[in-house]
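To start, the structure under review is shown below, and the notes come after it.
Keep in mind that this is a model prediction, so the values were computed, not measured.
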Number of protein chains: 2
Amino acid sequence: MTDTLQRKPVSQVANSDCFTEESLTKLKEIMYEMRAEAGNHLFWEGDSADKLYFLKRGQVKITKASDEGKSFILYVYNTGDLFGQVDPFQNSVHSFNAEVTENSIIGVIQQKDLEVLLWQHGDLAVEFMKWMGLMHRMTQTKFRDLMMFGKPGALCSTLIRLCNTYGKNHGSEIVITKKLTNSELADMIGATRESVNRMLGDLKRANIIAMENNYIVIKDLPYLRDICQCENCPVDMCRI
Amino acid sequence: MTDTLQRKPVSQVANSDCFTEESLTKLKEIMYEMRAEAGNHLFWEGDSADKLYFLKRGQVKITKASDEGKSFILYVYNTGDLFGQVDPFQNSVHSFNAEVTENSIIGVIQQKDLEVLLWQHGDLAVEFMKWMGLMHRMTQTKFRDLMMFGKPGALCSTLIRLCNTYGKNHGSEIVITKKLTNSELADMIGATRESVNRMLGDLKRANIIAMENNYIVIKDLPYLRDICQCENCPVDMCRI
DNA sequence: TTTGTGATGTGATTTACATCACACTTCCTT
DNA sequence: AAGGAAGTGTGATGTAAATCACATCACAAA
């Protein structure tokens, strides 16, 4: 139940860990591989949503842009993550953009093929349902964190999620092994760069976090937990 | 594509409409029925989450309370709605409270029984997956609306969702056939009662909405749509 | 008929956060 | 090595929304 025990030894956990080796193999069999360059888009809002994506390597951000030009980052997916929309409508469209932020290798699954697979393999269907449930809960808890505890709470929640996704233990400290700009963090919590900068400054001054050659280091995780009333949920759920 | 065409003739649409009659029957066969009085709780956060609930009659709100006593309403479920958590963890717990707000008759499905059913019936598994996808998107779009367009945007989005859930056409106007207090609306958008009151006042003065014996009537839906940059998504998704 | 209770409506004040403006740093390029 | 771009840090100011503090209203119960 301690902070360090809960976190897995590896620095990066993928949401496809929900699946057994066999199920993942079955999914991989119906994928076709594609490459996408950083800066491209996998899909735009309004595009029809009938595919699932398995990120074999790279990074994809799910974002939403407002009319005034502000951008909101809903998810950041990394190597090993599975994402996409499964919808009951024939002509369903995406509500968000998928921005490729690192050169990526992506396995694409057609919804029709997935349906056949789920139809055939009950065990996969059950695992898939659990994976979907997990992703939904991740959205819900993030929603709660960003709505209920003000911008500082949203930032602390995001830092915790970054720990769970990219964290590497270093004694009692946790290094977030991923460079992040103030602007990126701002877009993740719906705040401005300036606000994030000031909040991070406060946390540094209070010795809650520190910077080590441009990586954020968490020195006092319980403090962050306290601010966003974090209940120490499973790392697999509490992610970016 | 017009507003009136899009809305179904019945004033209330249930999320279980995602399922075929046969599938719903299969689900009903593994339910056991229970009754719950208004004011009780179906579950509290921290309770183990291993059940699904089918609301045969009544109303249940999914809420979250902050330490400072503020309450946030995540969902409002009504007759015909299916809800609950399906999780990959053995000892998974709820992150939210389920508050029974009207005397209800509820069909309870054990996760284990559901798994067997999905395992056996591929067609049900596919439908179930689509239902889960729809619920997830509902959460995502609500998240976006409440985060990106300020409190007025959040309120307009909520009014539109209320239309899609409880709306009844009356000529060019839409009556929200459900009494709502300012406080309730406030808890749905994470604002204060006073703010909601002022915003509703503004909308009334601008002739966007009106009150008719304590029911909200929407007189200018396009205006609401504009404020929260609503893209006219399917009514089944854009709900409370 | 009064009294209590929950809801609405509204002003004054405070607070949180965005916006604007600009200096400073890093590091990449050619 | 100089110039530029991208990022950081921070003050001053503006604004949305919360908070506080009441007045009023509707209506049910005593």
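- Looking only at atom types and distance, the side chain of B:R137 has a donor-acceptor partner in the side chain of A:S95 under 3.5 Å away.
- As rounded to whole Å, 19 Å separates atom P of D:dA16 from atom CG of B:L146.
- With rounding to the nearest 0.5 Å, the separation of CG in B:L82 from CG in B:D17 is 11.5 Å.
- One interatomic measurement links the two molecules: CG of A:L185 to C1' of D:dG9, which rounds to 15 Å at whole-angstrom precision.
- For B:F54 and B:F83, the gap between ring centers reaches or exceeds 6.0 Å.
- The distance between atom NZ of A:K179 and atom C1' of D:dT8, rounded to the nearest whole Å, is 14 Å.
- Atoms CD (A:E68) and P (D:dA16) sit 13 Å apart, rounded to a whole Å.
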What does the B/S/- profile of nucleotides 5-21 of chain C look like, 5' to 3', with a 4.0 Å heavy-atom cutoff to protein? ---BBBBB----SSBB-

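- For the helix from C:dT1-D:dA30 to C:dT30-D:dA1, the axis fitted to the five pairs at one end and the axis fitted to the five pairs at the other end meet at an angle of 30° (nearest 10 degrees).
- In this structure, A:F72 has its ring center no closer than 6.0 Å to that of A:F96.
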Salt bridge (Lys or Arg N to Asp or Glu O under 4.0 Å) between B:D202 and B:R205: does it pass, once the steps are laid out? CA-CA 5 Å; B:D202 291 345; B:R205 249 165 271 130; 3.1 Å; yes

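- Under the 4.0 Å criterion applied to side-chain N and carboxylate O atoms, A:R144 and A:E231 are assigned as salt-bridge partners.
- Judged by a 6.0 Å distance limit and a 45° cone about the ring axis, B:K61 is not positioned over the six-membered ring of B:Y75.
- There is a side-chain donor-acceptor pair under 3.5 Å between B:Q85 and A:Q140.
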